[in-house]
Protein chains: 2
Amino acid sequence: MRDQPRIVMGHGGGGVLSGELVQHVFAPAFGGQVLSALADSATVTLGGTRLAFSTDTYVVRPLFFPGGSIGDLAVNGTVNDLAMSGARAAYLSCGFILEEGVEVELVAQVAEALGAAARAAGVEVATGDTKVVESGHGDGVYINTAGIGLVPDGVDIRPQRAVPGDVVIVSGDIGVHGVAVMSLREGLEFGTGIESDCAALGGLVESMLAVTPDLHVLRDPTRGGLAAALGEIASAAGVGVVLQERSVPVPDPVANACAVLGLDPLYVANEGKLVAFVPREHADAVLDAMRAHPLGARAAVIGECVDSHPGMVVARTGLGGTRVIDLPIGEQLPRIC
Amino acid sequence: MRDQPRIVMGHGGGGVLSGELVQHVFAPAFGGQVLSALADSATVTLGGTRLAFSTDTYVVRPLFFPGGSIGDLAVNGTVNDLAMSGARAAYLSCGFILEEGVEVELVAQVAEALGAAARAAGVEVATGDTKVVESGHGDGVYINTAGIGLVPDGVDIRPQRAVPGDVVIVSGDIGVHGVAVMSLREGLEFGTGIESDCAALGGLVESMLAVTPDLHVLRDPTRGGLAAALGEIASAAGVGVVLQERSVPVPDPVANACAVLGLDPLYVANEGKLVAFVPREHADAVLDAMRAHPLGARAAVIGECVDSHPGMVVARTGLGGTRVIDLPIGEQLPRIC
């Protein structure tokens with residue numbers, strides 16, 4: 001890793017290069033135990049209270065896109081990371097990096113979108129910071145948020161808990177956020193008006209936990225898409241995953257756009273979806289609960305966890321063949337969130 | 001505010017312009033109650049546990065400077081914000097924005113400095129995120145950290161608690177961090193080897209709380225220096241502050257450098273100092289406890305809180321005159337932290 005001389009865009013892509021940076025540079029330097037669990041959020045105990053704690057920085061370009069904005073992402077992305085530990089987000093911090101010369105009115109619009117998203121998600125922005133950098137050292141607005149929330153008693157959701165037999169469920173259509181941003185950015189017209197799926201998943205997760213606290217793994221497939229999410233879980237738990245490709249809900253406009261852009265929907269970022277590994281005995285009830293929630297109406301079983309090919313995700317294709325779903329190396333869609 | 005068309009560097013300077021941005025743009029948009037308390041960190045209650053929660057983004061230039069680095073600042077700055085609520089930092093989040101093309105080895109050096117500072121401060125990096133932006137949209141490495149820590153029972157430290165009669169104590173020499181960075185950046189040679197005072201203040205605060213949990217206000221005078229810290233406290237509590245200018249410890253090399261650079265030491269950033277408002281009956285004992293700690297060896301009483309001129313800081317000068325210490329408007333030293 002360290003003989004690779006320079007940072008490339010792919011180091012921020014959520015794939016193999018990002019993983020190498022964490023594994024070879026950050027984890028050894030920081031040396032903590034919690035970070036090495038590699039979950040979407042850390043679970044820590046403070047004063048006898050079990051908390052989920054997570055952070056993400058948002059550098060999406062452009063700042064506003066069909067269905068959302070960097071302000072929406074900055075709330076929902078971090079709220080969702082906490083939800084993937086079973087926690088309902090309570091408080092957010094918010095750090096802005098503004099570029100000299102950006103219009104104050106634009107900053108205000110971003111802040112208003114962020115505030116509205118926070119109210120919709122039921123989370124409070126409790127603390128913040130603003131830095132300004134010279135023109136040519138930023139890109140309008142970058143936002144970091146960190147979040148904290150309570151992990152309910154009896155809940156222990158993390159990638160390592162995937163076991164053979166688990167049923168793999170996705171909460172709805174995939175690929176929508178990435179295609180919405182890319183089609184705007186590239187000035188492409190698909191005549192379909194695809195909008196980002198950006199949404200806060202805390203309520204959906206609560207409805208799933210009401211069925212059973214024993215959900216094994218939750219993951220929101222953002223950068224790197226469903227492929228990266230499943231690959232990371234397979235690797236962390238040392239299990240195999242078999243994906244029924246025909247069962248993965250991909251809307252036609254997304255499939256068409258991906259064909260034009262040369263993308264695989266399995267690798268495209270989502271911002272309002274989750275993938276769940278659920279014990280088989282609870283799978284039907286959890287699926288029903290998801291479908292009863294507005295954000296899970298199109299939930300579907302897409303595969304299962306197996307003990308063969310540990311660490312590997314294999315898709316059964318529509319034609320009856322199989323293909324290996326590799327982790328993405330770098331960045332298919334730069335600055336998508 | 002919103003009729004001011006564009007962001008200028010001063011909006012990140014921690015002075016009047018920063019305050020206007022919070023007051024007119026962020027606070028109305030976010031609408032929370034906690035944020036409006038305007039402390040260095042928010043105090044929130046989760047699961048019956050009282051927590052301090054804070055964030056800062058670090059954009060210091062250059063990344064390494066005499067006495068520290070952006071990695072040290074990213075730990076100590078946030079640890080200190082928590083300490084200003086009386087909390088010992090327990091966990092940090094860490095979000096990197098890397099610029100495409102930056103050397104991986106440099107990123108590793110920053111990460112190692114950050115990890116070492118975390119171990120020295122007794123805080124664990126629990127969760128992180130990395131984004132990469134194109135060359136020309138960043139400046140090597142930007143870092144955001146957020147931190148959480150327990151607020152001890154009986155402790156209620158916030159700017160609003162300053163009352164007339166409080167004794168104002170500073171923990172040591174001021175102006176050192178800002179001068180160290182600026183002299184390097186400007187290529188100035190003062191022949192003095194001034195090093196940043198960057199340090200984690202959790203231990204010093206614990207030794208002060210061991211004297212009495214009833215400290216009224218703590219503030220680390222970073223951007224905007226001692227002048228901004230005192231001005232914000234005076235404004236938040238609606239009290240006056242009288243500063244004995246001759247009592248403020250300013251090392252000769254800092255005074256000389258400030259003379260060359262045209263700076264007022266009262267406005268220069270510190271990264272390992274605090275200012276405390278202490279009930280008069282505890283002031284001597286708190287001062288003794290501070291002086292017994294390595295980071296408070298040069299602690300000094302520098303003034304008092306009064307009921308005249310509410311919201312205003314007035315300095316008694318060495319010649320027996322008085323001058324008003326205004327809040328800085330914008331940015332005396334850009335990108336100092």
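Chain letters run A, B, ... following the sequence lines, proteins first, then strands; residues in each count from 1.
Contact tally against chain B (heavy-atom pairs below 4.5 Å) for A118(A), G101(A), G47(A): the top residue is G101(A). Contact count versus chain B (heavy atoms, under 4.5 Å) is highest, among G115(A), S93(A), G95(A), A113(A), for S93(A). Listed options L106(A), L92(A), T145(A), V110(A) were ranked by heavy-atom pairs under 4.5 angstrom with chain B; first place goes to L92(A). If you tally non-hydrogen atom pairs under 4.5 Å between each of G138(B), A146(B), G140(B) and chain A, the highest count goes to G138(B).
The minimum heavy-atom distance linking F30(B) with C94(A) is given by the pair CZ-SG, 4.2 Å. The minimum heavy-atom distance between A111(A) and F26(B), with the atom names listed, is CB-CD2, 3.8 Å. The minimum heavy-atom distance linking A42(A) with T127(B) is given by the pair CB-CB, 4.1 Å. When all heavy atoms of T57(B) and K131(A) are compared, the closest pair comes out as O-NZ, 2.8 Å. The minimum heavy-atom distance linking R335(A) with E134(B) is given by the pair NH1-OE1, 2.6 Å.
With a 4.5 angstrom heavy-atom cutoff, S18(B) does not touch chain A via any of its atoms. Only the backbone of E99(A) comes within contact range of chain B, with at least one heavy atom under 4.5 Å from a heavy atom of that chain. Residue L46(B) touches chain A through both its backbone and its side chain, counting heavy-atom pairs closer than 4.5 Å. Contacts between T45(B) and chain A at a heavy-atom distance below 4.5 Å involve the backbone alone (N, CA, C, O). Only the side chain of A90(B) comes within contact range of chain A, with heavy atoms under 4.5 Å apart.
Under the 4.5 Å side-chain criterion, counting only non-hydrogen atoms from C-beta, L51(B) is not in contact with T49(A). Within the 4.5 Å cutoff, the side chain of H137(A) has no heavy atoms near those of the R61(B) side chain. Side-chain contact between D139(A) and V133(B): absent, with no pair of heavy atoms (C-beta onward) separated by less than 4.5 Å. At a threshold of 4.5 Å between non-hydrogen side-chain atoms, the residues V104(A) and E20(B) do not count as touching. I148(A) is listed as a side-chain neighbour of V44(B), based on a closest heavy-atom distance under 4.5 Å. Looking at L98(A) and L21(B), their side chains come closer than 4.5 Å, going by heavy atoms from C-beta outward.
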| message | The test is side-chain contact (heavy atoms from CB on, under 4.5 Å); show your working for R223(A) and D129(B) and say whether it passes. | response | CA-CA 12 Å; R223(A) 285 181 291 177; D129(B) 176 60; 2.8 Å; yes
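Between F53(B) and F53(A), the ring-plane angle classifies as perpendicular under the 30° and 60° cut-offs.
The aromatic ring centres of Y142(B) and Y142(A) sit 6.0 Å or more apart.
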